[in-house]
Protein chains: 2
Amino acid sequence: MKLTSKGRYAVMALADLAKFDNINPVSLRDISLRQGISLDYLEQIFSKLRKNEIVQSVRGTQGGYILKKKAKDIKLTNIFDAIDEKVKTVQCKKESKKSCNGKSTKCLTHNLWDELENHINNFFKEKSLEDLVKDNIERRI
Amino acid sequence: MKLTSKGRYAVMALADLAKFDNINPVSLRDISLRQGISLDYLEQIFSKLRKNEIVQSVRGTQGGYILKKKAKDIKLTNIFDAIDEKVKTVQCKKESKKSCNGKSTKCLTHNLWDELENHINNFFKEKSLEDLVKDNIERRI
DNA sequence: ATAAACCTGACTAAAATAGTCAAGTATGAA
DNA sequence: TTCATACTTGACTATTTTAGTCAGGTTTAT
């Protein structure tokens with residue numbers, strides 16, 4: 001059970017962005033250098049973040065990205081949704097639900113995985129970008 | 001972020017086992033058929049479960065496996081530990097901790113991933129095999 | 001103009017996963 | 001004793017996913 005780099009990078013980059021938001025757009029090049037993430041890879045990630053209205057791009061020289069919403073309104077779950085990072089605990093697709101109806105032993109654990117999925121998703125729904133930046137400032141004091 | 005089949009299978013198989021425990025050993029062949037898991041793959045998994053004293057093997061005809069501890073004393077975390085299924089949210093190894101000391105922006109999210117890891121592990125520490133079987137019986141009524 | 005920076009899609013190497021396969025050994029029962 | 005059942009082990013491999021790279025754009029401030 002592990003978090004992918006794509007998901008980790010997206011949050012790292014957005015946290016970086018959140019620190020400089022409302023001042024100037026932040027270029028991917030800067031984020032790439034600061035966070036040690038490949039520029040090309042960042043572009044893929046930000047393309048999705050833009051399409052899902054997490055960030056807004058500013059083109060041209062001195063361009064870059066800014067958050068499209070307030071940091072407190074961007075939850076981790078929104079970020080992961082945007083880049084298709086999903087929490088998956090079961091293999092079963094919806095069509096095969098019939099085989100998980102409480103009659104076979106498969107169902108013995110089905111409920112558990114649902115619980116686990118909810119448990120993790122709840123964490124993502126609670127945490128916002130603002131929490132991250134705040135937490136970092138507090139710990140620095 | 002997803003659970004691997006190995007982890008899912010291990011729990012499914014042990015839940016299956018827990019239902020029949022204290023009566024007769026359960027053969028991997030039976031589990032394989034009931035749960036739809038490759039027999040060879042199950043053998044790999046049970047080899048580790050045995051070495052980690054989660055189960056005990058009974059050889060010979062009518063042999064199979066039984067739980068080595070009481071179902072309520074086997075937590076999911078014990079199972080995952082046994083088969084090397086770990087929750088990993090960060091890439092950083094211990095040596096590179098220097099680069100995560102609160103001075104670089106990397107740390108902005110480091111704390112978050114630790115929280116997430118704990119959040120998930122807590123779930124695994126709380127749930128026992130007994131919970132699974134119990135829950136299943138209750139829902140059936 | 002031109003350089004910085006966004007934008008897009010196709011491609012690919014490496015790693016992890018999810019097994020398979022082969023060749024055993026141990027044991028209970030007929 | 002012999003035979004079938006079932007555990008045991010280690011090596012191998014196909015598939016999938018991940019984590020990028022690469023090549024070509026377009027837009028816009030200066």
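Convention: sequence-line order gives letters A, B, ...; per-chain numbering from 1. Values below: every heavy atom of this structure, side chains too, minus hydrogens, waters and symmetry copies.
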Undergrad: In this structure, how many angstroms lie between the C1' atom of dT16(D) and the NZ atom of Lys88(A), rounded?
TA: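 In whole Å, dT16(D) C1' and Lys88(A) NZ are 12 Å from each other.
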
Undergrad: Just how far, in rounded Å, is C1' of dA5(C) from CG of Asn24(A)?
TA: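 Those two atoms, CG and C1', are 14 Å apart.
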
Undergrad: Expressed as a whole number of angstroms, how long is the span from Leu3(B):CG to dT17(C):P?
TA: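 Leu3(B) atom CG is separated from dT17(C) atom P by 11 Å.
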
Undergrad: Scan residues 40-65 of chain A for pairs that pass salt bridge (Lys or Arg N to Asp or Glu O under 4.0 Å), counting only residues two or more places apart or in two chains.
TA: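 Residue pairs with at least one partner in residues 40-65 of chain A: Lys48(A)-Asp84(A), Glu53(A)-Lys68(A).
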
Undergrad: Looking at side-chain heavy atoms only, is the closest gap between Ile83(A) and Leu49(A) below 4.5 Å?
TA: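 A side-chain contact under 4.5 Å exists here.
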
Undergrad: In whole Å, what is the span from the OH atom of Tyr65(A) to the C1' atom of dA4(C)?
TA: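 Taking atom C1' of dA4(C) as the reference, OH of Tyr65(A) is at 13 Å.
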
Undergrad: With distance as the sole test, does Thr109(A) use its side chain to make a donor-acceptor pair with the main-chain N or O of Leu112(A) at under 3.5 Å?
TA: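 No; zero donor-acceptor contacts below 3.5 Å.
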
Undergrad: Applying side chain to side chain contact (heavy atoms under 4.5 Å, CB included) to Leu42(A) and Gln35(A), what does each step give before you reach the verdict?
TA: CA-CA 10 Å; Leu42(A) 271 180; Gln35(A) 308 291 341; over 6 Å; no

Undergrad: Among dA19(D), dT9(D), dT8(D), which nucleotide has an atom closest to any side-chain atom of Tyr41(A)?
TA: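 Minimum distance to the Tyr41(A) side chain belongs to dA19(D).
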
Undergrad: Looking at Ser57(B), does any N or O in its side chain come under 4.0 Å of the phosphate oxygens OP1/OP2 on dT8(D)?
TA: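 Yes, such a contact exists.
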
Undergrad: Can you give me the N/O atom pairs linking the protein to nucleotides 12-16 of chain C at distances under 3.5 Å, or say none if there are none?
TA:
none

Undergrad: Between dT8(C), dA5(C), dC7(C), spot the one nearest the side chain of Ser47(A), thanks.
TA: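 Closest nucleotide among those given: dT8(C).
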
Undergrad: Please work out if Tyr9(A) contacts a base, only the sugar-phosphate, or nothing of the nucleic acid, heavy-atom cut-off 4.0 Å.
TA: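 Counting heavy atoms under 4.0 Å across all strands, the contact made by Tyr9(A) is with sugar-phosphate only.
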
Undergrad: Hey, what's the ring geometry for Phe124(A) with Phe80(A), parallel, tilted or perpendicular (30° and 60° as the breaks)?
TA: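 Correct class here is perpendicular.
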
Undergrad: Hey, could you give me each pair passing salt bridge (Lys or Arg N to Asp or Glu O under 4.0 Å) that has a residue in residues 117-132 of chain B? Not counting sequence neighbours.
TA: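 Matches after skipping sequence neighbours: Glu115(A)-Lys127(B).
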
Undergrad: Look at the side-chain N and O atoms of Ser27(A) and state whether any lies under 4.0 Å from the OP1 or OP2 oxygen of dC6(C).
TA: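 Negative; the distance criterion is not met.
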
Undergrad: What nitrogen or oxygen pairs link the protein and nucleotides 21-23 of chain C at under 3.5 Å?
TA:
none

Undergrad: Which residue, Leu28(A) or Gly7(B), contacts DNA chain C at a nucleotide closer to its 5' end, judged by nearest heavy atom?
TA: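 That would be Leu28(A).
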
Undergrad: Does Ile74(A) form a side chain to side chain contact (heavy atoms under 4.5 Å, CB included) with Ile54(A)? I'd like the steps, not just the answer.
TA: CA-CA 7 Å; Ile74(A) 301 177; Ile54(A) 309 283; 4.1 Å; yes

Undergrad: Using a 3.5 Å distance criterion without hydrogens, assess whether the side chain of Asn122(B) forms a donor-acceptor pair with backbone atoms of Asn118(B).
TA: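 Checked: pair present.
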
Undergrad: Quick check: closest heavy atoms across Leu129(B) and Ala15(B), and the distance to 0.1 Å?
TA: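 Taking every non-hydrogen atom into account, CD2-N, 3.9 Å.
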
Undergrad: Report yes if a side-chain nitrogen or oxygen of Arg50(A) is closer than 4.0 Å to either non-bridging phosphate oxygen (OP1 or OP2) of dT8(C); otherwise report no.
TA: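 For Arg50(A), the contact criterion (side-chain N or O under 4.0 Å from OP1 or OP2 of dT8(C)) is met.
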
Undergrad: Give me the distances for all protein-to-nucleotides 26-30 of chain D N/O pairs that come in under 3.5 Å?
TA:
unit_1  : atom_1 : unit_2   : atom_2 : d
dT27(D) : O4'    : Arg59(A) : NH1    : 2.2
dA29(D) : N3     : Thr61(A) : OG1    : 3.3

Undergrad: Tell me: CZ of Phe46(B) to C1' of dG10(D), nearest whole Å?
TA: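 In whole Å, dG10(D) C1' and Phe46(B) CZ are 19 Å from each other.
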
Undergrad: Rounded to whole angstrom units, what separation is found between the NZ atom of Lys48(B) and the P atom of dC7(D)?
TA: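 These atoms are roughly 18 Å apart.
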
Undergrad: Between Glu85(B) (CD) and dT17(C) (C1'), how many Å, whole number?
TA: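 Distance check: Glu85(B) CD to dT17(C) C1' gives 11 Å.
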
Undergrad: Does Ser5(A) have a side-chain nitrogen or oxygen under 4.0 Å from the phosphate oxygens OP1 or OP2 of dA19(D)?
TA: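 For Ser5(A), the contact criterion (side-chain N or O under 4.0 Å from OP1 or OP2 of dA19(D)) is met.
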
Undergrad: What is the distance, rounded to the nearest whole Å, between atom CZ of Arg29(B) and atom P of dT5(D)?
TA: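 To the nearest whole Å, that distance equals 8 Å.
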
Undergrad: Taking side chain as C-beta onward, heavy atoms only, is Tyr65(B) less than 4.5 Å from Pro25(B)?
TA: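 Sidechains of Pro25(B) and Tyr65(B): no contact.
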
Undergrad: Taking side chain to side chain contact (heavy atoms under 4.5 Å, CB included) as the test, write out the residues that go with Asp114(A), two or more places apart.
TA: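 Testing Asp114(A) for side chain to side chain contact (heavy atoms under 4.5 Å, CB included), a comparison that skips the adjacent residues, returns His110(A).
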
Undergrad: Specify whether Tyr41(A) and Tyr9(A) have parallel, tilted or perpendicular ring planes, treating 30° as the upper limit for parallel and 60° as the lower limit for perpendicular.
TA: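 Because their plane-to-plane angle is over 60°, the rings of Tyr41(A) and Tyr9(A) count as perpendicular.
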
